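A short write-up of the structure that comes next.
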Protein chains: 2
Amino acid sequence: MSLKYAVLAALLNGEASGYDLAKVFDVAVANFWSSTPQQLYRELDRLATDGLIEARVVQQERRPNKRMFSLTPTGRDALHTFTLTPPRPTTIRDELMVKIQAMDEADPDAVRVLIEECLERISDKLARYERLRDRMLDGRTEDEYLIEAEQVGPYLTLMRGRAFEEENVRWCERTLEVLAARAARRGAAHGSAAQGG
Amino acid sequence: MSLKYAVLAALLNGEASGYDLAKVFDVAVANFWSSTPQQLYRELDRLATDGLIEARVVQQERRPNKRMFSLTPTGRDALHTFTLTPPRPTTIRDELMVKIQAMDEADPDAVRVLIEECLERISDKLARYERLRDRMLDGRTEDEYLIEAEQVGPYLTLMRGRAFEEENVRWCERTLEVLAARAARRGAAHGSAAQGG
DNA sequence: ATATTCATGTAACAAGTTACATGATTAG
DNA sequence: CTAATCATGTAACTTGTTACATGAATAT
């Protein structure tokens, strides 16, 4: 239901093609609303049919033609109305956590590797967020920006995403400590001679 | 795909009915894998058909009969194998954030109310998590528990959920500050006489 | 009396995922 | 020469949501 509004909200930054939106959703929007390019194309068709956005075909010479979508006044109204209704609860689907839930049945070393790989991916993500943030701030301090800028929604959601990933890092590191401590204890209990260097 | 494994992981705590699982998913599992009771019943049927869990019908006198499900060795193996594969990226769907993304088109006062209501819901959630945690620790300190306990997966995922919500609180409070600062500035710019106390 | 809890389910629908297809262009 | 980028789409499939139904028991 609200992929619809996520798309409308993304179009507040100006017109965009499906392809553009797919990229935006991949980096910035994914923090709070995941979707695949296929879903976007389908949703864009629907929104255009319903008159919430309008498409403008841009002929290109050396590239496939593209459709640039922009909000209509109807679309803007719909988005406004949406912001007045209470949000439904957040849904998270985190496969790593399912594996952690079951970790007591798993190989501790394999779990450690999963977490380490996860930490790497988060680190990439955080770097991308930081670049996006710098581009938004454009030399201003955060406090200046938050008071002066016309739009602060996208900045605030980005900060939410960043905080989420930073928290994730802390949790991963803590979990690695726990794994190490339990491994050490098991090692000690089963005799210090076994598997020794 | 991994609702399947979330269910298997939940059954590591011993046999449970669909109704039991629905409650567990509502409080503890929802942190990292949301699903409705209907999905659970459907999944339980499938898992039983595939031999990953087995059902035992318990006749009850004053209550409807219930089916208690438990892991089979095959199910346990499947779960073990699952923990060895790299997790897919986390997906989040947070309607509040969609509204925040569009907040610059919205009524600031309405947004403030959304956030305040959100804070209340989080506070309830955190209280439930705290009770669950106390029950798990059962008098021990966290460090004692994490070293000694047989199962630490469920504790670690719970702590992840708690950290997520605590971060959420910080973000909400920060956002309320931003809203207040921007409201004050707009008030000042449009003349201090208007709407004065 | 009325609402909530226990315990399950069916059916219809909406949303999300995956695989595949096209076809030129540019960067390495 | 290979891979990635641009730009879209169809089709098949899997998941997830919503509404509804049953029916007794207990708590308020």
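Labels below follow one simple rule: chain letters A, B, ... track the order of the sequence lines, proteins then strands, and each chain is numbered from 1. These figures come from a predicted structure and were not determined experimentally.
- Between the CG atom of A:D50 and the C1' atom of C:dA14 there is a distance of 14 Å, rounded to whole Å.
- Taking the side chain as every heavy atom from C-beta outward, A:R133 and A:L158 approach each other to under 4.5 Å.
- Heavy-atom distances to DNA chain C give each of B:M68 and A:S35 a nearest nucleotide, and the one nearer the 5′ end belongs to B:M68.
- When distances are taken from the side chain of A:Q38 to each of C:dA15, D:dG16, D:dG9, the shortest belongs to D:dG9.
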Inset, instruction - Check the pair B:R174, A:D143 against salt bridge (charged side-chain N to carboxylate O under 4.0 Å, His left out), reporting the backbone distance first and the verdict last. - result: CA-CA 11 Å; B:R174 170 77 173 137; A:D143 284 344; 3.5 Å; yes
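- Side chains of B:E142 and B:Y155: a donor-acceptor N/O pair is present below 3.5 angstrom, by distance only.
- Look at CG on A:D26: it is 15 Å from C1' on D:dC6, rounded to the nearest Å.
- Across D:dG16, C:dA15, D:dC20, the shortest atom-to-atom separation from the side chain of B:L3 is found for D:dG16.
- In this structure, A:Q39 reaches the C:dG16 phosphate: one of its side-chain N or O atoms is under 4.0 Å from OP1 or OP2.
- The nearest whole Å value for the distance from the NZ atom in B:K23 to the P atom in C:dT4 is 16 Å.
- Rounded to an integer number of Å, the gap from CG of B:N65 to P of D:dA25 is 13 Å.
- Atom CZ of A:R88 and atom P of D:dG16 are 16 Å apart (whole Å).
- In this structure, the nucleotide among C:dC20, D:dT17, D:dA7 sitting nearest to the side chain of A:Y19 is D:dA7.
- Looking at which nucleotide of DNA chain D each of A:R42 and A:R67 is closest to, the 5′-most match is held by A:R67.
- For B:L44 and C:dT10, the CG to P distance is 13 Å, given to the nearest whole Å.
- Counting non-hydrogen atoms under 4.0 angstrom, A:T91 reaches nothing in the nucleic acid.
- OP1 or OP2 of C:dT8 sits under 4.0 Å from a side-chain N or O of B:Y41.
- For A:S17 and D:dT8, the shortest distance from a side-chain N or O to OP1 or OP2 is below 4.0 Å.
- Mapping A:W33 and B:D20 onto DNA chain C by nearest heavy atom places B:D20 closer to the 5' end of the strand.
- Cation-pi geometry between A:R88 and A:F82 is not met: the NZ or CZ atom fails to fall both under 6.0 Å from the ring centre and inside 45° of the normal.
- Residues A:V98 and B:V29 fail the side-chain proximity criterion, which asks for heavy atoms closer than 4.5 Å.
- If you measure from atom CD1 of A:I92 to atom C1' of D:dG16, you get 17 Å, rounded to the nearest angstrom.
- Atom CG in A:L40 sits about 13 Å away from atom C1' in D:dT8, given to the nearest Å.
- Residue A:R93 has no polar side-chain atom (N or O) positioned under 4.0 Å from OP1 or OP2 of C:dA15.
- Here the side chain of B:K66 is nearest to one of C:dG9, C:dA7, C:dT17, namely C:dA7.
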